[in-house]
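Each remark here refers to the structure printed beneath this line.
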Amino acid sequence: MKWPSSFNSVHNYLDELFVGIDPSEEEIINAKKWYWRCYNTDLKRRRSHYTHLSIYFSKDEIQRVKQATEKGKVSDFVKKVVLSHLDGTTAFTTSMDTSVIEEQLFLIAEYLLELININATVDNTGLIKLENQIAQLQTQILQLI
């Protein structure tokens, strides 16, 4: 038997193989077996060029990934992101919850405005309060990084 020229369908292969011939049932069965052996051999050969990798996501994580992919396949998107990161073409930016930092900044700004409006000298307790708020802000920023 000859090797199939393409693996579109077993029926196309049988049509190519038995052009102008009236095959017996046994010849058809053997030709089908040969086709599927060739197909599986070719499939294994093609798969040997690629390595399979499994990644598991939670429901929330997969929803986030699906939202980021827009209309494409999730697997293509993940592959593109990983390879672009390894190539250094894309920097990862993680979405951060900046509400805590914002709150701390507003408290510091409010305190500074009070100091400016009062036009008073700042006592030690005021400075300690300001230092504490700035320290809290720094810890929040470090936790997000």
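Values below: every heavy atom of this structure, side chains too, minus hydrogens, waters and symmetry copies. If you read the sequence from its start, that first residue is 1, and numbering goes on from there.
The two residues T69 and V74 make their nearest non-hydrogen contact at CG2-CA, 4.0 Å. Residues M1 and Y13 come closest through the heavy atom pair CB-OH, 4.1 Å.
Under the side chain to side chain contact (heavy atoms under 4.5 Å, CB included) criterion, S6 pairs with N8, sequence neighbours left out. With sequence neighbours excluded, the residues satisfying side chain to side chain contact (heavy atoms under 4.5 Å, CB included) with E110 are E114.
Between the CG atom of D15 and the OG atom of S9 there is a distance of 7.5 Å, given to the nearest 0.5 Å. One finds the CD1 atom of I134 at 12.0 Å from the CG atom of L107 (value rounded to the nearest 0.5 Å).
F57 and L53 fall within a single hydrophobic cluster, where Ile, Leu, Val, Met, Phe, Trp and Tyr are joined by side-chain heavy atoms under 4.5 Å apart, directly or via other members. Under a hydrophobic-cluster definition in which Ile, Leu, Val, Met, Phe, Trp and Tyr are linked whenever side-chain heavy atoms come within less than 4.5 Å, directly or via other members, I21 and I29 are assigned to different clusters. No single ILVMFWY cluster, assembled from side-chain heavy atoms under 4.5 Å apart, contains both V10 and V19.
A side chain to side chain donor-acceptor pair (under 3.5 Å) check over residues 27-45, counting only residues at least two apart or in different chains, returns the pairs D42-R45, D42-R46.
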